Each structure stands twice: as C-alpha cells, then as structure tokens.
Amino acid sequence: MAAGALDAVAPAPLRGAIVVPCGSAPALAGIEVLAGSHPLPDQRSVDATMGLLRALAQGWRRQPLLVLISGGASSLLVQPRPPVTLEEKMDVTRRLLACGAPIAAVNTVRKHLSLVKGGGLLRHRGGRPVQTLLLSDVVGDDPSVIGSGPTVADPTTYADAAAVLARYGLFEQVAPAVRTLLGRGMRGEVEETLKPTDRLAAGATETVIGTNRLALDAAAAAARQLGYATVVRAAPLTGDTSAAAELWVSELPGQGDRARWCAIAGGETTVVVRGPGRGGRNQEFALAMARPLAGTGVAVLSAGTDGIDGPTDAAGAFVDGATQARAEACGLAVDRALATNDSYPFFDQLGDLLRTGPTGTNVMDVKIAVGVGSVP
C-alpha cells in the first residue's frame, strides 16, 4: 500500500512511517519502516507504534495525512492503556479468539484496552486533515472494525467491551487490571474511545479500497476464462468453521450439473479451540470437508488472502474426494485432527498445504471448489 501511494503521487515526495510485520520490511524512499509482530503483538509492536507516534510529532505539522490500514493492524499498532500491560492485553485477545468470538467483538475489547485504537491515532493528528484508505479483512467492511479503527471514530463503549467478555464467560478470567479499567471506563473515570461527535473526528475521512468481494469476483473471472461454469456465493461464510464447511458442501452443484463447474465463497469463520493442535481456520475448514467430499470428484482450496492462516507458515489447504482415504492409509484420522484442532500436521503429512508466503494484502478468506457432476 505504501509503495502504491508513492507511485500514485510521484514525482511529489511523501514523508512518513509505516509499521509492517517483521521480515517484510521494504525499502521506500522517504518512509521510515518499522517492524512489529503479527499475528500476535509483542514488544516490537509497542516499540514500532512509539516510533510511528514520534514520526507524527515531527516535521510535517501542516501537511495532510494519508493513513493506510490493512488487516493485521490490530497486532502491529499497539499501545496498551494503563494499567493494562501488553501481556494482559494479549491474554484477553487469546482468550477471545480461542472461544470463537467474531472479530467485531474482539476488536470492541481491543479498542478499549488501547490508546491508539478506536480513533486514538486521531489524537496525534495535530489538526491536520486525515484520509484513511483501508483494505477490509472483516465481514461487513466496517471501517471502525478494520484494524480496530485507529483513525475511525468508535461507536462502541466500555460497557460494550465488558459485555463481550461476559457473553463468552471471560470477565472473571481476565487480569484484574482489565476489569479495573473497564469498570472505571463505565463509571466515566477514564476517557472513552473517540466518538463520531468528537471534534477530533472532524476532517477525518475513510475509504475502503479493497474487499473480499473484489477478490471473489476476480477469482470468478479467472475461472470463467478457464472454461468453468462459475457461481459466487452471495453471502460471506461466517460462524463456526466446521458448521460453515458443512453448509457450503450442501450448496455445491448437484446431481444434474454435468459441466465443469467452479463454486467460490469468501468470508471469515471462527474456531473454538478445544485441543492443543496446530492450524488455522482455513486448514480446519478444509479438514471439515474431507468426510463429506469422500468419494466425489470435487477438489477444494480454503486459503487466507494474506498468505497466513493462524500461527502457521501456510495460507490454507487443499482437500478432495480422496483426502480421507489417503489420510487413513497414512494412519491419520479426520475426526481426531478436528477434535484436537490439529489440521496443520494432518495436511502437512499429506503434502496438501498451500504455502504462498505473505501476499502483501488481506481481504479475508477465499474458498474455491471445482468439479464435474454431483456432491452427495
């Protein structure tokens, strides 16, 4: 995004700073590149955020600000709100993700434990106009949810954040400092996230420039060029990963469809972590399709557009009508792998992981199924 911005305004210079995942730092003229940690933050994310704030305070006081936000910003842009520590904030995030909370709920809590999320970055704008361009990695493409909305006014409250923790039975499990902060916030003793009516939100605009639907439409155009009869699912796949996989299998072309077909879907599902295994939601989605696809001529890819599925080096996995039989021949059990959330070793042993490396974008997940004829 930063390289694209430099190209778009050339030959006029841009000055600024960006925070990117460690190991992916490009060289950009006039841009300070800071490295944070993804998918989970660590001290590097905190240090990079402080570097970004220092850059905002220097030099370009009267110049408009261009802010580029993509998925992963919640992990890269981190400044915990005292008295909550980074470790305590990370613990809350892990617990919410492990219980399958949707990203909008997770980010409601994140915003209220942060000084830079929920419009917090606008407090450092120095009166300058701000234009934010966003790549959406959230269902619904709400700018206040993407990356936890560092430059977007936040309609949620401390009470909403506390309600999220209570809904998932986590309020009494999180650190006392988290409960203290939320309680003080609900009593009005701590500053709220930036609200749409706040004067600091005036002069800040945002535009979503990349979405999951754009990715699905591009995939569909490519499939049609290859001669596939193609259909794109209108609604995103959400909710429990295994349930979403079963639903999508039931929607794939039926007995009377004899042409080469391609079905495409997108969205972002959630995984309830029940075991000690390793994987990501796309690998688990593919694993959940192994049994219903057994014996068919259908092949499926489930992958994250950012090239990173969970805390693994894979973007996702392939599954087809022979996956279950091949797995059994290798001593692997689909049900056991699902029960322990151990999809990565399962597909790694079969050689069916998709490894792209980081792609430089993030517009949620893509599911592609190809086949001829029916799915039982």
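Source: prediction; values computed, not measured.
For R187, the CZ atom counts as densely surrounded, since its 6.0 Å shell holds more than 12 non-hydrogen atoms of other residues, nucleotides or ligands. Enclosure of atom CZ in R123 by more than 12 non-hydrogen atoms of other residues, nucleotides or ligands within 6.0 angstrom is indicated.
Ion pairing between R355 and D348 holds under the 4.0 Å rule for side-chain N and carboxylate O. Of the charged side-chain nitrogens involved, none lies within less than 4.0 Å of a carboxylate oxygen, so that D154 and K117 do not count as a salt-bridged pair. A salt bridge is defined here as a Lys NZ or Arg NE, NH1 or NH2 lying under 4.0 Å from an Asp or Glu carboxylate O, and R278 with D342 fails to meet this definition.
The backbone N or O of G127 lies less than 3.5 Å from no partner atom in the side chain of R125, so there is not a single donor-acceptor pair. In terms of modelled atom types and a separation under 3.5 Å, the side chain of E246 and the main chain of A243 share no donor-acceptor contact. Judged by distance alone, the side chain of D320 and the main-chain N or O of T323 form a donor-acceptor pair under 3.5 Å. Side chain of S45 to backbone of S75: a donor-acceptor contact under 3.5 angstrom is found. Judged by distance alone, the side chain of T238 and the main-chain N or O of T269 form no donor-acceptor pair under 3.5 Å.
To the nearest 0.5 Å, atom CD of residue E189 and atom OH of residue Y158 are 11.0 Å apart. Here OG of S144 is found 4.5 Å from NZ of K111. Values are rounded to the nearest 0.5 Å. Distance CG/L237 to CZ/R281: 12.0 Å, rounded to 0.5 Å. Between atom CD of residue Q63 and atom CZ of residue R128 there is a gap of 8.5 Å, rounded to the nearest 0.5 Å. Within the model, atoms OG1 of T270 and CD1 of I103 stand 10.5 Å from one another, a figure rounded to the nearest 0.5 Å. For the atom pair M364 CE and N282 CG, the distance stands at 11.5 Å (nearest 0.5 Å).
Closest non-hydrogen pair, L252 versus V298, comes out as CD1-CG1, 4.4 Å. Contact between A153 and K195 at its shortest, heavy atoms only, is CB-C, 3.6 Å. Between P102 and Y168, the shortest heavy-atom contact is CD-OH, 3.1 Å. Here the closest non-hydrogen pair linking V78 and T49 is N-OG1, 2.7 Å. The two residues R179 and F171 make their nearest non-hydrogen contact at CD-O, 3.0 Å.
Checking T151 against T132 by side-chain atom types alone, a donor-acceptor pair falls below 3.5 Å.
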